[in-house]
Amino acid sequence: ELPGTIGETVEAIKAAGGQALAVKLDLASDDDIGEVVEQAITAFGGIDILVNNAVIVGPRRKFVGGDASFMDLAYQVNVRGPIVLAQRCSEHMAARGGGVIINISSGAARHREPPKQPATAAELDAMDPSYGVTKAALDRFGNAYAGELMGHNIAVMSVSPGLVITERIQQAAIRPNVDFSRAEPPEVIAKAVSYLAREGMKHTGQVLLARELVAQNNL
């Protein structure tokens, strides 16, 4: 529903003097993951940086009387897929002498204060809690394996972007009461990720806020 395609993005990158390859990937498919890794290696000669940014999120499903089918899918796409992709890429990174794995997290991953009253109608109409649950798991993954990956000169960390003003957010807000005054432009997240791609080992095993990272390093 939004303008543009991955093919057009590739052309824009090439027009700016860069190189790019557009590949459709289903993170719930191990075969797709293996294929995209091999295509990237063939096209560019190797893999130095992985940014796990894809996610599935949907409207809240009821818990009482519900089932775990959407949680299963969210776990596959938001946790297992990025971990398998990182595992495949890390093999090549280790052979090349190192690399950086950056997981895009979310404020929804933070542990909330216990509720003092039942959820409001607005809260029950928000996005499904599986988003925050799986993002928290992805943060824990990076922290858990940072030591092992450090032995291969591979850094792994999470960066939390906060609310980002994108076309999707502007055209189809997650919920009607979103406060855009606290939102960040995409450039802030791009600067944070670019910095971590260069200085990853300084921050390995951590969960970082994009806004603070940019401010602290004058990016």
Side-chain angles (χ1 to χ4, degrees), residues 9 13 16-21 25 27 33 36-37 40-41 43-55 75 77-112 131-166 169 182-219:
T9 300
I13 292 170
Q19 293 178 291
L21 173 70
L25 167 63
L27 275 174
I33 290 172
V36 77
V37 169
I41 292 170
F44 304 113
I47 297 174
D48 301 299
I49 302 161
L50 168 65
V51 180
N52 277 316
N53 185 46
V55 69
Y75 177 82
V77 176
N78 301 350
V79 184
R80 188 182 185 280
I83 289 175
V84 172
L85 185 54
Q87 200 166 31
R88 298 286 178 85
C89 289
S90 66
E91 297 175 18
H92 298 280
M93 290 176 178
R96 287 168 63 82
V100 180
I101 299 169
I102 303 170
N103 297 315
I104 303 301
S105 183
S106 168
R110 292 195 296 270
H111 199 73
R112 294 183 175 184
Y131 176 69
V133 171
T134 52
K135 284 296 188 181
L138 196 62
D139 289 350
R140 184 70 182 90
F141 148 69
N143 178 265
Y145 287 98
E148 177 184 341
L149 290 169
M150 183 183 286
H152 298 281
N153 196 35
I154 299 171
V156 56
M157 75 289 296
S158 292
V159 56
S160 182
L163 179 62
V164 184
I165 303 175
T166 64
I169 291 294
R182 60 185 178 85
E184 302 284 0
E187 290 77 10
V188 171
I189 295 36
K191 288 177 180 179
V193 170
S194 178
Y195 167 78
L196 290 173
R198 301 189 307 271
E199 305 289 346
M201 201 56 75
K202 292 181 180 178
H203 304 281
T204 194
Q206 299 180 43
V207 178
L208 306 143
L209 299 178
R211 176 187 294 180
E212 291 183 0
L213 202 61
V214 169
Q216 291 168 359
N217 295 279
N218 297 313
L219 303 177

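Remark: Arg110 pairs with no residue by the side chain to side chain donor-acceptor pair (under 3.5 Å) rule, at least two apart or across chains. Listed by chain and number, the residues in a side chain to side chain donor-acceptor pair (under 3.5 Å) with Ser194 are Arg198 (sequence neighbours excluded).
With values rounded to the nearest 0.5 angstrom, Arg211 atom CZ is found 9.0 Å from Ile189 atom CD1. Note: Ile101 CD1 to Ile154 CD1 = 6.0 Å, rounded to the nearest 0.5 Å. One finds the CG atom of Leu213 at 11.5 Å from the OG atom of Ser160 (value rounded to the nearest 0.5 Å). For the atom pair CD1 of Ile104 and CG of Asn52, the computed distance is 8.5 Å after rounding to the nearest 0.5 Å. Between the SG atom of Cys89 and the CZ atom of Arg96 there is a distance of 11.5 Å, given to the nearest 0.5 Å. Interatomic distance, Asn143 CG to Leu138 CG, rounded to the nearest 0.5 Å: 12.0 Å.
Summarising the geometry of Ser158 relative to Ser105, their closest heavy-atom pair is CB-CB, 4.0 Å, with the distance given to 0.1 Å. The shortest heavy-atom contact between Ala146 and Val156 is CA-CG1, 3.7 Å. Considering all non-hydrogen atoms of both residues, Ile49 and Ala197 come closest at CD1-CB, 3.7 Å. Contact detail for Leu196 and Met157: the closest heavy-atom pair is CD1-CG, 4.0 Å. When all heavy atoms of Ala137 and Val79 are compared, the closest pair comes out as CB-CG2, 3.9 Å. Heavy-atom minimum distance, Val193 versus Val159: CG2-CG1, 4.2 Å.
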Walk me through whether Ile13 and Gln19 qualify under side-chain contact (heavy atoms from CB on, under 4.5 Å). CA-CA 6 Å; Ile13 292 170; Gln19 293 178 291; 6.0 Å; no
I would like to know whether Leu208 and Glu212 meet side-chain contact (heavy atoms from CB on, under 4.5 Å); could you show each step before the answer? CA-CA 8 Å; Leu208 306 143; Glu212 291 183 0; over 6 Å; no
Exercise for review: Test Met201 against Asn153 for side-chain contact (heavy atoms from CB on, under 4.5 Å), laying out the working first.
Suggested key: CA-CA 8 Å; Met201 201 56 75; Asn153 196 35; 3.7 Å; yes
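Looking at heavy atoms from C-beta onward, Asn78 lies out of side-chain contact with Lys135 at the 4.5 angstrom threshold. Within the 4.5 Å cutoff, the side chain of Met93 has no heavy atoms near those of the Asp48 side chain. Side-chain contact between Leu85 and Leu50 is present, with at least one heavy-atom pair separated by less than 4.5 Å. Contact annotation: the side chain of Val133 never approaches that of Tyr75 to less than 4.5 Å [non-hydrogen atoms, C-beta and beyond]. Proximity of Ile47 to Ile41: side-chain heavy atoms (C-beta onward) are separated by under 4.5 Å at one or more points.
Sorted by first and then second residue, the ring pair (Phe, Tyr, Trp, His ring centres under 6.0 Å) pairs with a member in residues 196-219 read Tyr195-His203; sequence neighbours excluded.
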